[in-house]
S.K.: 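Please find one structure pasted underneath; my questions will follow.
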Amino acid sequence: MSITFIKADKLKQKPDKVFGFGKTFTDYMYVREFGPDGKWGEGTIRPFDAVELLPCSSVLHYGQAAFEGLKAYRNEKGEVRLFRARDNFMRMRGSCERLCIPPVDVDETYAALVELVKLERDWIPTERGTSLYIRPVVFADERSLGVHAAKRYKLIIMLSPSGAYYANGFAPVALKTEREYVRAVKGGTGAYKVVGNYAASILAGELAKAQGYDQVLWLDGVHRRYVEEVGAMNIFFMLDGKLITPALNGSILPGITRDSVIKLARESMGLSVEERPIDIAEVLDGARSGALTEVFGTGTAAVISPVDRIGDNGVDYIIGEKGKVGKVSAELFDALTALQTGRALDVFGWTQVICDR
Ligand code: PLP
Ligand code: COI
């Protein structure tokens, strides 16, 4: 696999400090196209800029598109680490298969990412809680209106120096259970990271925000009672001294942070972890009785995101002490970010140092 490099005429001014999520992009991106010859062509690293799409491009009409989210971290020593990057590309392959997109090769895409991140290493912030957010996206670019698997696609990897996903950083957020709309059903696309899932969730998210909540807590699409996940995170509950999270049931995204937290909690913190169906009534009962001591979401962008309030049918349930981060959430946040930045020894083999200055 060879990558052509197209040099930018002028490099951008790097920000002194990074805030927020996904607002600034680095100088370069990686682009690879799948053509009517039925093959992925060679990739290019080229200046981050607009890509040409005709108004009839099939992604705009039928949404055949999948994406990923992962991060690179740089520490004070200058070491740059990727975290479970191959797992993201494997999940992307699954998303592609679900949408009839010709899968992108995991090793080739990983190698391209390493090249791109090395080139852009000076963009990676080092301050605590910051990282380089990596957004690969693959989409159909058929230039006609028939509904069928396209014959042309584009894969793009863009890089965005980012701070905390939520405006308040590592402070608790509020969730609202969604009783009217559903995000996904088994047999649909909920277990894949495809763009339509997010389009389908925006209305409920906006309604929740208008009512003073940060995100939606989705319930299952059939019984409307089992907890699934949050808009951009998986969800965990500390209930009766055990850490529980919904079992992967075919309509929940198998989060890489979720998997990492389960292993860290079991193997490094000695917690008892259960993956099983969780009735929302059990969560609310736990909040009423005090058996529910902590709730947090997990995700690449959100890392560990404590939850101190759940609204359900107009009633607010406070978890733990309002505005305070729980002990388990704080410990997991520390353990995970220590691994990701190289402050702790990675006994799981999840990180790869891709440059050391
Ligand atoms: N669930 C949804 C719907 C998401 O968008 C994300 C974010 O990627 C997650 C869960 C968490 O997945 P991961 O930990 O792999 O980032
Ligand atoms: C991520 O955590 O990487 C995500 O993709 C969530 C995103 C939808 C903001």
Side-chain angles (χ1 to χ4, degrees), residues 20-23 25 65-73 82-95 98 113 129-138 156-167 173 175 178 181-185 188-202 204-206 208-209 214-221 227-236 245-265 275 295-305 307 332-333 336-337 339-340 348 350:
F21 170 76
K23 294 194 169 77
F25 295 88
F67 71 98
E68 269 306 324
L70 62 155
K71 282 176 172 173
Y73 307 82
L82 291 174
F83 183 72
R84 303 191 68 171
R86 275 201 176 76
D87 292 340
N88 286 90
F89 292 126
M90 269 149 58
R91 186 168 67 185
M92 189 170 214
R93 194 173 58 190
S95 302
R98 177 64 181 81
L113 174 68
T130 63
S131 58
L132 185 71
Y133 184 75
I134 301 164
R135 171 55 64 87
V137 60
V138 58
I156 299 176
I157 304 180
M158 65 200 92
L159 308 177
S160 175
S162 294
Y165 181 61
Y166 293 108
V173 296
L175 305 181
E178 178 51 59
Y181 301 106
V182 298
R183 174 187 172 272
V185 288
T189 56
Y192 304 93
K193 204 160 171 67
V194 306
V195 302
N197 294 344
Y198 297 83
S201 71
I202 285 175
E206 291 299 308
K209 274 183 202 133
D214 296 286
Q215 279 209 15
V216 167
L217 179 58
W218 293 103
L219 303 181
D220 79 280
V227 175
E228 298 241 300
E229 60 181 310
V230 185
M233 319 188 278
N234 295 109
I235 188 86
F236 285 78
T245 191
L248 298 178
N249 60 356
S251 54
I252 296 175
L253 190 79
I256 292 164
T257 321
R258 173 189 181 279
D259 183 70
S260 310
V261 160
I262 291 173
K263 291 183 174 132
L264 272 172
E275 294 176 73
V295 179
F296 59 87
T298 63
T300 298
V303 195
I304 304 283
S305 181
V307 175
L332 278 165
F333 179 84
L336 188 61
T337 53
L339 262 176
Q340 289 167 332
F348 298 95
W350 286 334

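Counting starts at 1 for both ligands and their atoms, following the listed order.
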S.K.: Looking only at heavy atoms, what is the nearest atom pair of E229 and L253, with distance?
M.R.: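 Here E229 and L253 meet closest at OE2-N, 3.0 Å.
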S.K.: Just to check, does A302 reach to within less than 4.0 Å of ligand 1 when the distance is taken from its heavy atoms?
M.R.: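 Distance cut 4.0 Å: A302 fails for ligand 1.
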S.K.: Does the side chain of L264 reach to within under 4.5 Å of the side chain of F348, using non-hydrogen atoms?
M.R.: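 The answer is yes; the side chains approach within 4.5 Å.
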S.K.: Specify the protein heavy atom at minimum distance from atom 14 (O) of ligand 1: its residue, its atom name, and the distance to 0.1 Å.
M.R.: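 Checked against all protein heavy atoms, atom 14 (O) of ligand 1 sits closest to T257 OG1, 2.5 Å.
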S.K.: Under 4.0 Å from a heavy atom of Y133: which atoms of ligand 2 are those, numbered in the order shown and with their elements?
M.R.: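 In order of number, 1 (C), 3 (O), 4 (C), 5 (O).
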S.K.: When rounded to the nearest 0.5 angstrom, what is the spacing between CZ in F83 and OG in S260?
M.R.: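 Answer for the CZ-OG pair, F83 versus S260, is 3.5 Å.
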S.K.: Would you say L253 and ligand 1 have an N/O pair spaced under 3.5 Å apart?
M.R.: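 There is no such contact.
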S.K.: Which one holds for R135 and ligand 2: side chain close, backbone close, both close, or neither close, with close meaning a heavy atom under 4.0 Å?
M.R.: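 The side chain, only.
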S.K.: Any idea which heavy atoms bring V182 and D220 closest together, and the distance?
M.R.: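 So the two residues come closest at CG1-O, 4.3 Å.
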S.K.: Using modelled atom types and a 3.5 Å cut-off, is there a donor and acceptor pairing between side-chain atoms of R135 and backbone atoms of I157?
M.R.: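 No: the side chain of R135 does not pair with the backbone of I157.
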S.K.: Distance to 0.1 Å, residue and atom name: give those for the protein heavy atom nearest to atom 5 (O) of ligand 1.
M.R.: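 Checked against all protein heavy atoms, atom 5 (O) of ligand 1 sits closest to Y198 OH, 2.5 Å.
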S.K.: Check each atom of ligand 1 against the heavy atoms of G299 and keep those under 4.0 Å away; list them by number with element.
M.R.: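 Here the atoms of ligand 1 in question are 11 (C), 14 (O), 16 (O).
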S.K.: State which residue, out of L70, L113, N88, I156, fulfils the side chain to side chain contact (heavy atoms under 4.5 Å, CB included) condition with P136.
M.R.: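 It is L70; the other options fail the test.
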S.K.: Between R91 and D87, does any NZ, NE, NH1 or NH2 come within less than 4.0 Å of an OD or OE carboxylate oxygen?
M.R.: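 Answer for the salt bridge query: no.
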S.K.: Does R91 reach ligand 1, in the sense of a heavy atom lying below 4.0 Å from it?
M.R.: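 Heavy atoms of R91 do come under 4.0 Å of ligand 1.
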S.K.: Can a donor-acceptor pair be found, under 3.5 Å and without considering hydrogens, that links the side chain of S162 to the backbone of S131?
M.R.: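 Side chain of S162 to backbone of S131: no pair is present.
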S.K.: Without swapping roles, check the side chain of R183 against the backbone of S251 for a donor-acceptor pair under 3.5 Å.
M.R.: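 Side chain of R183 to backbone of S251, a donor-acceptor pair under 3.5 Å: yes, one is there.
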S.K.: Could you see which bit of E228 sits under 4.0 Å from ligand 1, with heavy atoms only: side chain, backbone, both or neither?
M.R.: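 Neither part.
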S.K.: Any heavy atom of G69 sitting closer than 4.0 Å to ligand 1?
M.R.: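 Outside the 4.0 Å threshold, so no.
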S.K.: Quick one: look up the protein heavy atom nearest atom 6 (C) of ligand 1 and list residue, atom name and how far away it is.
M.R.: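 For atom 6 (C) of ligand 1, the nearest protein heavy atom is A232 O, 3.3 Å.
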S.K.: For Y198, take its heavy atoms, then give the atoms of ligand 2 lying under 4.0 Å from any of them.
M.R.: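 Heavy-atom distances to Y198 below 4.0 Å select 8 (C).
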S.K.: Which of the numbered atoms in ligand 2 are below 4.0 angstrom from a heavy atom of K193?
M.R.: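 Counting atoms of ligand 2 from 1, those under 4.0 Å from K193 are 4 (C), 5 (O).
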S.K.: Going through the distances and angles, do F296 and F333 end up as a ring-ring contact (aromatic ring centres under 6.0 Å, His included)?
M.R.: CA-CA 10 Å; F296 59 87; F333 179 84; over 10 Å; no
S.K.: Identify, for atom 12 (O) of ligand 1, the protein heavy atom at the shortest distance, and state residue, atom and that distance.
M.R.: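 Answer for atom 12 (O) of ligand 1: G255 CA, 3.4 Å.
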S.K.: T298 heavy atoms, cut-off 4.0 Å: which ligand 1 atoms fall inside?
M.R.: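 That gives atoms 11 (C) of ligand 1.
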S.K.: I'd like to check which ligand 1 atoms, numbered from 1 as shown, lie under 4.0 Å from a non-hydrogen atom of I256.
M.R.: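 What qualifies from ligand 1 is 13 (P), 14 (O), 15 (O).
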S.K.: Identify, for atom 16 (O) of ligand 1, the protein heavy atom at the shortest distance, and state residue, atom and that distance.
M.R.: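 Here the closest protein heavy atom is T300 OG1, 2.6 Å.
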S.K.: To the nearest 0.1 Å, how far is atom 6 (C) of ligand 2 from its closest protein heavy atom, and which atom is that?
M.R.: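 Going by distance alone, atom 6 (C) of ligand 2 is nearest to A232 CB, 3.7 Å.
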S.K.: Could you identify the single nearest non-hydrogen protein atom to atom 1 (N) of ligand 1 and state the distance to 0.1 Å?
M.R.: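 The protein heavy atom lying closest is E229 OE1, 2.4 Å.
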S.K.: Check whether any N or O atom of K193, backbone or side chain, sits under 3.5 Å from an N or O atom of ligand 1, and answer yes or no.
M.R.: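 The answer is yes, given that K193 and ligand 1 share an N or O pair closer than 3.5 Å.
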S.K.: Look only at interatomic distance and state if F67 has a nitrogen or oxygen under 3.5 Å from any nitrogen or oxygen of ligand 2.
M.R.: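 No: no nitrogen or oxygen of F67 is under 3.5 Å from one in ligand 2.
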S.K.: Check ligand 2 against A301 and write out every atom of the ligand that is under 4.0 Å from a heavy-atom position of the residue.
M.R.: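 In order of numbering, the contacting atoms are 1 (C), 2 (O), 3 (O).
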S.K.: Do you know which two heavy atoms are closest between S95 and V194, and how far apart they sit?
M.R.: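 So the two residues come closest at CB-CG1, 4.1 Å.
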S.K.: Any sub-3.5 Å donor-acceptor pair from D259's side-chain atoms to P254's backbone N or O?
M.R.: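 Between the backbone of P254 and the side chain of D259 there is no qualifying donor-acceptor contact (under 3.5 Å).
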